[in-house]
Amino acid sequence: MAGRNFLFVPGPTNVPDRVLRAMAVPMEDHRSPIFPELTRACLQALKPVFKTTSASPILFPSSGTGCWEAALTNCLNPGDKILASRFGQFSHLWVDMCIRLGFDVEVLETPWGEGAPVERYLASLSADKQHKIKAVLVCQNETATGVTSDVAAIRRALDSAKHPALLFVDSVSALASIDFRMDEWGVDVCVSGSQKGLMLPAGMGITCVSQKALEAAKTAKSRRCYFDYADMVNANASGYFPYTPSIPMLYGLRESLAMLAEEGLENVFKRHSYLAGGVRAAVLEGWKLKLCATSPKWHSDTVSAIMVPDGINGADVIARAFKRYNLALGAGLSKVAGKLFRIGHLGDLNELMLLGALGGAEMAMLDSGVKVEPGSGAAAAQNFWRSNPAASSQKAA
Ligand SMILES: Cc1ncc(COP(=O)(O)O)c(C=O)c1O
């Protein structure tokens, strides 16, 4: 197909040319005397992204899923009790992993389209007088439904119940796009990956581990080897890795972290919120469709999950967008398969790129029989962006 492919799944996201160029490097000796400069540059520059001074960023040659497993197997003993909520495919998969690894999970079942139920976390934690719950899991941004949860409120629930459990947060589709505060929120493990807000190819698990979690790892008996935190932290202390790292990925990470620092992390968040506002205007005001997120308080600034009308298969819209217009939209997963399609709006993006996605999604919907007004999505998004401060002027702020 002539022209470029429009990649609008909520990860992997577009990799900026600067990052691609930085990654085009010959291989080198990862045990050389100068290699630690690269390792240290990456680990140091990641700390402000996690908003931590005391926790340790860790890079695994995996994806986000590997970091989920690392959190569980490094910090917990076999059969330990975990408290988690399930309201979408990714929060589901983490719960499923806990069960498959033999942990005892109390699952707060929550309707898909809502976020982490803070009051129910508080009730379970308060009822757990013997402190059997050893870890609390929360998915900050449920990519399957476009729902963002309030992690700070989960920390407040732990504090108000005076509960010592570790707090593990999945920030795979939030980190470097939606505010995340490791130290302020008392997060013990933050799980993320390279292919979303960090604007890198898929293939690196990016996680951050508190001192409390590293302390727990010293005595935790769950089996692990490749994903052992201590092996990694010890090797990183001298600037090396316990096994061969992906060298191009480290160069890419150093570049993407430089780009985030140049824009300013707070401006990156504002840009995501501003771009997401345009997409939501297109969906709600232009197309007059519904989001899967059932209330504005859950609206995600990195992904919108758009419900298709009854009688329409969301998978058709996605297939037409891909085959006819060279546009990749996100699919409805598991429970919401066929009921929605998703537009990812995170990473290296601006208004005009998003207008391409909105135009393509609109044509694919019309072709699939969705009765939207032609041009209405783009018009609503344009009105939103034109009547709100531009991302570029926020840069200067
Ligand atoms: C919220 C969330 N958690 C976890 C994952 C799994 O991450 P990965 O595919 O990098 O293993 C994803 C992937 O999209 C995700 O969106």
Side-chain angles (χ1 to χ4, degrees), residues 7-15 50 57-73 82 84-98 100-101 110 112-116 137-151 154 167-180 187 189-208 226-227 246 249 252-253 256 272 276 292-293 298-305 318 328-337 340-347:
L7 181 62
F8 280 87
V9 294
T13 63
N14 298 291
V15 179
F50 285 105
I58 289 180
L59 307 172
F60 284 122
S62 70
S63 64
T65 304
C67 300
W68 276 348
E69 182 158 330
L72 301 172
T73 56
I82 293 171
S85 54
R86 169 156 53 194
F87 43 80
Q89 181 65 0
F90 295 101
S91 43
H92 160 69
L93 286 174
W94 204 5
V95 165
D96 182 59
M97 177 186 275
C98 295
R100 286 163 68 179
L101 289 172
T110 306
W112 288 34
E114 294 179 17
L137 272 46
V138 59
C139 182
Q140 186 185 5
N141 190 74
E142 176 48 82
T143 322
T145 56
V147 159
T148 302
S149 289
D150 186 352
V151 178
I154 303 291
L167 176 58
F168 297 170
V169 178
D170 174 338
S171 193
V172 173
S173 58
L175 190 77
S177 321
I178 295 172
D179 198 8
F180 174 82
V187 175
V189 181
C190 174
V191 169
S192 197
S194 51
Q195 76 277 21
K196 307 213 183 223
L198 287 162
M199 308 177 289
L200 291 160
M204 185 183 262
I206 300 182
T207 189
C208 194
Y226 193 69
F227 288 106
S246 167
M249 197 71 111
L253 177 60
S256 80
H272 279 81
C292 182
W298 307 124
H299 283 169
S300 164
D301 283 340
T302 58
V303 51
S304 293
I318 294 162
L329 297 169
L333 302 173
S334 128
K335 255 192 200 180
V336 288
L340 57 79
F341 67 88
R342 294 174 296 151
I343 298 181
H345 32 85
L346 73 164

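Order of listing sets the numbers, starting from 1, for every ligand and every atom in it.
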If you measure from atom 9 (O) of ligand 1 to every heavy atom of Q195, E69, E142, K196, which option wins on shortest distance? Q195
Does the N or O separation between N141 and ligand 1 drop below 3.5 Å for any pair? no
Taking both backbone and side-chain atoms of S63, is any N or O found less than 3.5 Å from an N or O belonging to ligand 1? yes
Side chain to side chain, I206 and S194, heavy atoms closer than 4.5 Å: yes
Which protein non-hydrogen atom lies closest to atom 6 (C) of ligand 1, naming both residue and atom, and how far is it? T65 OG1, 3.5 Å
Applying side-chain contact (heavy atoms from CB on, under 4.5 Å) to L333 and R342, what does each step give before you reach the verdict? CA-CA 10 Å; L333 302 173; R342 294 174 296 151; 3.8 Å; yes
Out of all atoms in ligand 1, which are within 4.0 Å of some heavy atom of T143? Include the element for each. 1 (C), 2 (C), 15 (C), 16 (O)
Classify the ring geometry of W68 against W94: parallel below 30°, tilted from 30° to 60°, perpendicular beyond 60°. parallel
Taking atom 3 (N) of ligand 1 as the reference point, the nearest protein heavy atom with its distance: D170 OD2, 2.6 Å
After noting the C-alpha distance and the side-chain angles of S304 and H345, does the key distance pass the side-chain contact (heavy atoms from CB on, under 4.5 Å) rule? CA-CA 8 Å; S304 293; H345 32 85; 2.8 Å; yes
Atom of W298, atom of E114 and distance for their closest heavy-atom approach: NE1-CA, 3.6 Å
Which is it for F168 and V191 under the side-chain contact (heavy atoms from CB on, under 4.5 Å) test, yes or no, and what are the steps along the way? CA-CA 8 Å; F168 297 170; V191 169; 5.9 Å; no
Among non-hydrogen protein atoms, atom 5 (C) of ligand 1 lies closest to F90 CD2, 3.6 Å
side-chain contact (heavy atoms from CB on, under 4.5 Å) between S334 and H92: does it pass, once the steps are laid out? CA-CA 10 Å; S334 128; H92 160 69; 5.8 Å; no
Compute the shortest N/O to N/O distance between G64 and ligand 1 and return yes if it is under 3.5 Å, no if not. yes
At a non-hydrogen distance cut-off of under 4.0 Å, which region of W68 contacts ligand 1 (side chain, backbone, both, or neither)? side chain
